[in-house]
Amino acid sequence: METTVLKKIWLSPPHMGGNEETYVKEAFDTNWIAPLGPNVQHFEKSIENFIGNNVYAACLSSGTGAIHLGLELLGVGPEDEVICQSFTFAASANPITYLGATPIFVDSENETWNISPELLEEAINDRLSKGIRPKAIVAVHLYGMPYKVDEVHAVAKKYGIPIVEDSAEALGSSYRGFNCGSFGDYGILSFNGNKIITTSGGGALLCNDQESKEKAVFLATQARDNAPHYQHSKIGYNYRMSNILAGIGRGQMEVLNDRVEARRRNYSFYNEHLSDLQEIEFLQEPDGSYSNRWLTCILTPSFEIREKLRLALEAENIESRPLWKPMHLQPVFEKNVSFVNGVSEDLFNRGLCLPSGSSLEVEDLERICGIIKNELK
Ligand SMILES: *Cc1c(COP(=O)(O)O)cnc(C)c1O
């Protein structure tokens with residue numbers, strides 16, 4: 001008996017542009033395999049040119065490492081509290097604990113699914129009333145949708161608390177004409193395998209001046225003092241990006257605009273083909289926001305229907321995934337102070353990320369929509 005294997009459709013697979021191998025080969029040909037080298041410098045320059053707004057980029061081994069360094073450069077240390085968007089991937093919060101500090105979680109608003117400015121202010125006032133001044137805020141442009149930058153930054157400014165802007169999912173997104181990653185005291189990007197562009201693994205810290213970048217690179221290369229021998233006055237990390245991986249990044253930057261367009265096309269396709277189903281809701285772009293639509297997410301009427309769709313897709317060899325489980329609901333953070341309004345828990349229960357890779361073909365999208373329509377008939 002013959003069984004046909006349905007073509008696997010992944011949630012968000014890597015998508016090379018073509019020139020990546022040229023830059024990697026260049027590194028081999030010049031024996032520039034070890035950390036640093038021309039690919040890193042070129043990759044950083046192309047990120048800086050793309051983001052604009054006078055940012056300085058330091059390429060690192062991961063986005064998580066970038067958040068860690070950003071928080072450390074803001075002076076976060078043991079005993080401190082850091083406010084973090086609850087609706088996110090754990091990598092937004094974990095680095096807070098690496099520094100011995102404690103994350104305090106704040107829930108989302110419904111328009112962008114990101115940190116609620118009202119609840120943020122409530123959280124700050126509560127901590128201040130207890131004699132604690134939060135040391136920093138981690139705000140996230142989740143799924144590529146910019147958070148309410150004006151409102152969130154106005155609250156942060158009012159209380160003088162710096163922001164680490166987690167743009168891991170938002171390279172290519174913008175808010176009122178400025179690119180995501182350029183708003184915070186520090187911004188971070190990720191080039192993990194599932195992101196809009198990838199170096200197989202990697203990240204960047206975006207800084208507002210050259211001096212901050214130099215401090216970040218110093219910490220990322222084991223905090224070596226200026227001496228002929230190895231001398232250290234501070235604890236450092238091994239967080240720098242390798243010249244090989246930066247070669248992949250250089251090639252990926254050349255196709256970034258195409259990747260954003262392709263992901264936005266996916267969103268439009270789903271929106272067009274599923275919008276006659278009353279049960280399915282989409283996240284809209286508020287005025288002034290431009291999302292890279294890293295992942296297209298839908299909201300279903302209930303957890304049961306969400307699961308029914310997810311399992312039906314899985315049975316057809318198609319990967320989809322529930323939305324991020326909020327940090328305040330994670331076992332590891334269950335004792336942390338949280339400011340909750342029910343928004344992210346509801347999104348987690350009812351939401352599903354659909355396959356969103358930039359290499360998806362129209363037949364793939366039709367297949368996915370067909371299965372969803374069939375299940376909801
Ligand atoms: C991917 C991601 C990170 C971490 O990036 P890595 O490069 O995987 O360490 C941080 N925050 C968010 C929201 C992410 O999606």
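Position 1 is the first residue of the sequence, and the numbers go up from there. Ligands are counted one by one from 1 in listed order, and the atoms in each one are counted from 1 as well. Everything numeric in this text was worked out from a predicted model, so none of it was measured.
- Heavy-atom contacts of G202 reach the following atoms of ligand 1: 7 (O) (cutoff under 4.0 Å).
- Donor-acceptor pairing under 3.5 Å is lacking for the side chains of S173 and H141.
- Taking the six-membered ring wherever Trp is involved, the centroid distance between the rings of F282 and Y267 falls below 6.0 Å.
- Scanning all protein heavy atoms for the shortest distance to atom 9 (O) of ligand 1 gives T64 OG1, 2.5 Å.
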Please assess F191 against F43 for the test ring pair (Phe, Tyr, Trp, His ring centres under 6.0 Å), listing each intermediate value before the final yes or no. CA-CA 12 Å; F191 310 113; F43 187 29; 5.0 Å; yes
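- The pair K7-E363 does not meet the salt-bridge criterion, since no charged nitrogen lies less than 4.0 angstrom from a carboxylate oxygen.
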Verdict with supporting geometry, Y237 and H68, ring pair (Phe, Tyr, Trp, His ring centres under 6.0 Å): CA-CA 10 Å; Y237 307 95; H68 187 184; 4.6 Å; yes
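- Note: Y186 and Y56 fail the aromatic proximity criterion, with ring centroids not under 6.0 Å apart.
- Atoms of ligand 1 found under 4.0 Å from any heavy atom of S62, numbered from 1 in the order shown, are 7 (O), 9 (O).
- Taking every non-hydrogen atom of A91 and a distance limit under 4.0 Å, the qualifying atoms of ligand 1 come out as 3 (C), 4 (C), 10 (C).
- A cation-pi arrangement is absent between R293 and Y143, since the terminal nitrogen or guanidinium carbon is not both under 6.0 Å from the aromatic centre and inside a 45° cone about the axis.
- Every atom of ligand 1 with a heavy atom of S190 under 4.0 Å away is listed here by number and element: 1 (C), 5 (O), 6 (P), 7 (O), 8 (O).
- Figure legend: cation-pi geometry between R264 and Y290, with NZ or CZ positioned under 6.0 Å from the six-membered ring centre and within 45° of its axis.
- Heavy-atom contacts of T88 reach the following atoms of ligand 1: 13 (C) (cutoff under 4.0 Å).
- If you check each of V138, N192, V140, I67 against atom 8 (O) of ligand 1, the one with the closest non-hydrogen atom is N192.
- Interface of S92 with ligand 1, defined as ligand atoms under 4.0 Å from a residue heavy atom, comprises 11 (N), 13 (C).
- For atom 11 (N) of ligand 1, the closest heavy atom belonging to the protein is D166 OD2, 2.7 Å.
- Below 3.5 Å of separation, one finds an N or O of G63 facing an N or O of ligand 1.
- Of the options K195, E169, H68, the smallest heavy-atom separation from atom 2 (C) of ligand 1 is shown by K195.
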